[in-house]
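Since the structure comes first, as structure tokens, the remarks are kept for the end.
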Amino acid sequence: MEKEAKIYVAGHKGMVGSAIVRELKRQGYTNIVTRTHAELDLTDQKAVEEFFAAERPEYVFLAAAKVGGIAANDAAPADFMYQNMMLEMNVIHSAWRNGCRKLEFLGSSCIYPRLAPQPMPESCLLTSSLEKTNEAYALAKISGLKYCEYLNRQYGTDFISVMPTNLYGPNDNYHPTHSHVLPALIRRFHEAKERNAPEVVCWGDGSPLREFLYVDDLADLCVFLMNNYSGNETVNAGTGKELSIRELAETVAETVGYEGRIVWDATKPNGTPRKLLDVSKATALGWTYRTELRDGIHLSYADFLANPVRAER
């Protein structure tokens with residue numbers, strides 16, 4: 001990408017989109033186009049078509065999405081499927097129709113089968129059943145990356161996709177029920193500490209294994225791939241390291257300074273038993289992560305403390 005090229009970042013107010021904007025600016029890109037949801041509803045096909053026809057961005061990072069944790073996904077699968085399908089199809093289609101030189105679609109590791117081989121290579125996509133608790137979201141993301149692939153095959157576009165593992169970091173969502181596991185734990189342990197609560201109850205039995213990537217590291221990879229990768233197969237984004245949810249909770253509690261007991265509610269769902277990405281493809285391209293999990297959790301907790309309004313959303 002040329003430093004002066006017009007670059008549209010869809011979803012720039014979210015955790016991933018804001019990190020991509022920070023990284024682009026850090027690397028000297030000067031012509032970044034953004035729109036808030038109030039300015040442009042990406043589920044509105046006509047509005048998206050008019051935006052692309054007027055702005056004609058040369059490069060697009062599609063980081064916009066309706067996201068949430070297990071509880072949110074399980075409670076509103078129709079909403080997650082509809083909103084994600086509509087916004088991604090509108091943006092990808094309009095980018096193609098208006099001559100976008102390159103688009104990068106951001107997905108999620110939940111696109112892979114529930115019992116995929118571990119670590120999960122990009123090639124295991126659609127080889128067996130998905131995890132039921134986030135199936136709707138996964139199907140929407142699979143549709144987006146497949147639409148990019150089909151446009152490449154049929155029309156010769158250069159649309160790529162990247163599938164991140166669990167993300168965390170600045171500008172995260174700390175809602176007690178609608179957020180992902182790591183920010184939810186940060187809030188839960190912080191509030192327990194403030195109340196001097198004797199115990200904190202966590203979902204499941206703590207046994208599932210998860211991988212976490214600091215969002216600024218993902219943003220670095222996103223810009224790297226836009227400049228260095230073309231192909232129909234997605235690229236996994238992760239660290240190649242995992243830990244149990246129980247270990248994660250203990251690390252968050254230590255970071256926050258909570259000294260009470262951690263109690264596990266095994267009546268609540270665990271989700272997928274294990275989700276470790278095979279990151280050898282990104283490594284072979286010349287990229288690797290920088291931020292270790294314990295350091296990233298400290299940075300995330302500082303962000304939580306610095307932004308009390310965001311913590312309430």
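Heads up: numbering here begins at 1 and tracks the sequence. Computed from a predicted model, the values in this text were never measured in an experiment.
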**Report entry** Side-chain donor/acceptor of Ser94 to backbone N/O of Val91, under 3.5 Å
**Finding:** no

**Report entry** Path from Leu248 to Tyr301 over hydrophobic side-chain contacts below 4.5 Å
**Finding:** yes

Report summary line: One should read off an interatomic distance between Trp287 CH2 and Phe224 CZ, to the nearest 0.5 angstrom, of 9.5 Å

Query - Heavy-atom side-chain contact between Thr34 and Thr36 under 4.5 Å - result: no

Query raised in the report: So, the side chain of Lys6 versus the backbone of Glu55: is there a donor-acceptor pair under 3.5 Å, distance only?
Result: yes

Query raised in the report: Do the side chains of Arg101 and Met1 get nearer than 4.5 Å, heavy atoms only?
Result: no

Query raised in the report: Quick one: is the NZ or CZ of Lys66 closer than 6.0 Å to the six-membered ring centre of Phe80, and within 45° of its axis?
Result: yes

Report summary line: Residues Thr165 and Ser109: closest non-hydrogen pair is CA-OG, 3.8 Å

Query raised in the report: Please walk me through it: do Leu185 and Val256 pass side chain to side chain contact (heavy atoms under 4.5 Å, CB included)?
Result: CA-CA 10 Å; Leu185 288 173; Val256 170; over 6 Å; no

Query raised in the report: What are the two closest heavy atoms between Phe189 and Ala249, and how far apart are they?
Result: CE1-O, 3.5 Å

Query - Gap between atom CD1 of Ile32 and atom OG1 of Thr30 - 0.5 Å precision - result: 8.0 Å

Query raised in the report: Taking the side chain as C-beta and beyond, is there a heavy-atom pair between Trp264 and Ile245 under 4.5 Å?
Result: yes

Report task. Determine whether Val252 and Val200 fall in the same hydrophobic cluster, where Ile, Leu, Val, Met, Phe, Trp and Tyr are linked whenever their side-chain heavy atoms lie under 4.5 Å apart. Result -> yes

Query - N-O pairing of Glu149 and Lys146 below 4.0 Å - result: yes

Report task. Give a yes-or-no answer on whether the side chains of Asp278 and Tyr112 include a donor-acceptor pair shorter than 3.5 Å. Result -> no

Query raised in the report: Can you name the closest pair of heavy atoms from Ser123 and Thr127 and give their distance?
Result: O-CG2, 4.0 Å

Query raised in the report: What is the minimum heavy-atom distance between Leu167 and Val16, and which atoms define it?
Result: CD1-CG2, 3.5 Å

Report task. Identify the heavy atoms of Phe105 and Lys141 that sit nearest to each other, and give their distance. Result -> CE2-O, 3.3 Å

Query - SB check Lys281 Glu122 (cutoff 4.0 Å) - result: no

Query raised in the report: So, does Lys102 use its side chain to make a donor-acceptor pair with the main chain of Asn227 at under 3.5 Å?
Result: no

Query raised in the report: Leu277, Val181: one ILVMFWY side-chain cluster at the under-4.5 Å cut-off?
Result: no

Requested in this report: May I ask you to decide if Met120's main-chain N or O and Asn236's side chain share a donor-acceptor pair within less than 3.5 Å?
Outcome: yes

Requested in this report: Spell out, yes or no, whether Leu106 and Ile111 are grouped together once hydrophobic residues are joined by side-chain heavy atoms under 4.5 Å, including indirect joins.
Outcome: no

Query raised in the report: Is a donor on one side and an acceptor on the other found under 3.5 Å between the side chain of Glu211 and the backbone of Gly240?
Result: yes

Requested in this report: Decide side chain to side chain contact (heavy atoms under 4.5 Å, CB included) for Leu145 and Leu125; before the verdict, give the C-alpha distance in whole Å, the side-chain angles of both, and the deciding distance to 0.1 Å.
Outcome: CA-CA 11 Å; Leu145 74 88; Leu125 179 66; 3.8 Å; yes

**Report entry** Side chain proximity check, Trp96 to Gln154, heavy atoms < 4.5 angstrom
**Finding:** no

Report task. Could you tell me the separation between the CG atom of Asp216 and the CD atom of Glu23, rounded to the nearest 0.5 Å? Result -> 7.5 Å

Query raised in the report: If you round to the nearest 0.5 Å, how far is CG of Leu62 from CG of Leu87?
Result: 6.5 Å

**Report entry** Backbone of Thr133 reached by a side-chain donor or acceptor of Glu131 within 3.5 Å
**Finding:** yes

Query raised in the report: Are side-chain heavy atoms of Ser143 and Glu88 found at a separation under 4.5 Å?
Result: yes

Requested in this report: Would you check, one step at a time, whether the test side chain to side chain contact (heavy atoms under 4.5 Å, CB included) holds for Val223 with Tyr29?
Outcome: CA-CA 11 Å; Val223 178; Tyr29 293 96; 4.2 Å; yes

Requested in this report: Please confirm whether the backbone N or O of Thr291 pairs with a side-chain atom of Asp217, one donor and one acceptor, at under 3.5 Å?
Outcome: yes

Query raised in the report: Mind checking whether Leu209 and Leu130 sit in one hydrophobic cluster, side chains of I, L, V, M, F, W, Y counted as touching below 4.5 Å?
Result: no

Query raised in the report: Would you say Thr239 and Phe212 make side-chain contact, with heavy atoms under 4.5 Å?
Result: no

Query raised in the report: Around atom CD of Glu259, are there more than 12 heavy atoms of other residues, nucleotides or ligands at under 6.0 Å?
Result: no

Query raised in the report: Hey, do the aromatic rings of Phe51 and Tyr8 have their centres closer than 6.0 Å?
Result: yes

Query raised in the report: Is it true that a side-chain atom of Arg114 and a backbone atom of Lys132 form a donor plus acceptor pair closer than 3.5 Å?
Result: no

Query - Residues Lys46, Glu50: salt bridge by 4.0 Å N-O rule - result: yes

Requested in this report: Keeping the roles fixed (side chain from Thr255, backbone from Ile297), state whether a donor-acceptor pair exists under 3.5 Å.
Outcome: no

Requested in this report: Measure the shortest side-chain to side-chain distance between Arg97 and Phe52 over non-hydrogen atoms and say whether it is less than 4.5 angstrom.
Outcome: no

Query - Inter-residue atom distance Cys222.SG - Leu24.CG, 0.5 Å rounding - result: 9.5 Å

Requested in this report: Taking the side chain as every heavy atom from C-beta outward, state whether Tyr214 and Pro170 have any pair of such atoms under 4.5 Å apart.
Outcome: yes

Query raised in the report: Do Tyr168 and Asp303 have side-chain N/O donor and acceptor atoms under 3.5 Å apart?
Result: no

Report summary line: Scanning both residues in full, the closest heavy-atom pair of Leu139 with Met85 reads O-SD, 4.4 Å

Query - Chi angles and distances behind the side chain to side chain contact (heavy atoms under 4.5 Å, CB included) call for Lys275, Cys110 - result: CA-CA 8 Å; Lys275 287 204 309 183; Cys110 72; 4.1 Å; yes

**Report entry** OG on Ser300 to CD1 on Ile186, rounded to 0.5 Å
**Finding:** 5.0 Å

Report task. Report, as yes or no, whether the 6.0 Å neighbourhood of atom NZ on Lys25 holds more than 12 heavy atoms from other residues, nucleotides or ligands. Result -> no

Report task. Would you confirm whether Asn98, through its side chain, and Arg56, through its main-chain N or O, come within 3.5 Å as a donor-acceptor pair? Result -> no

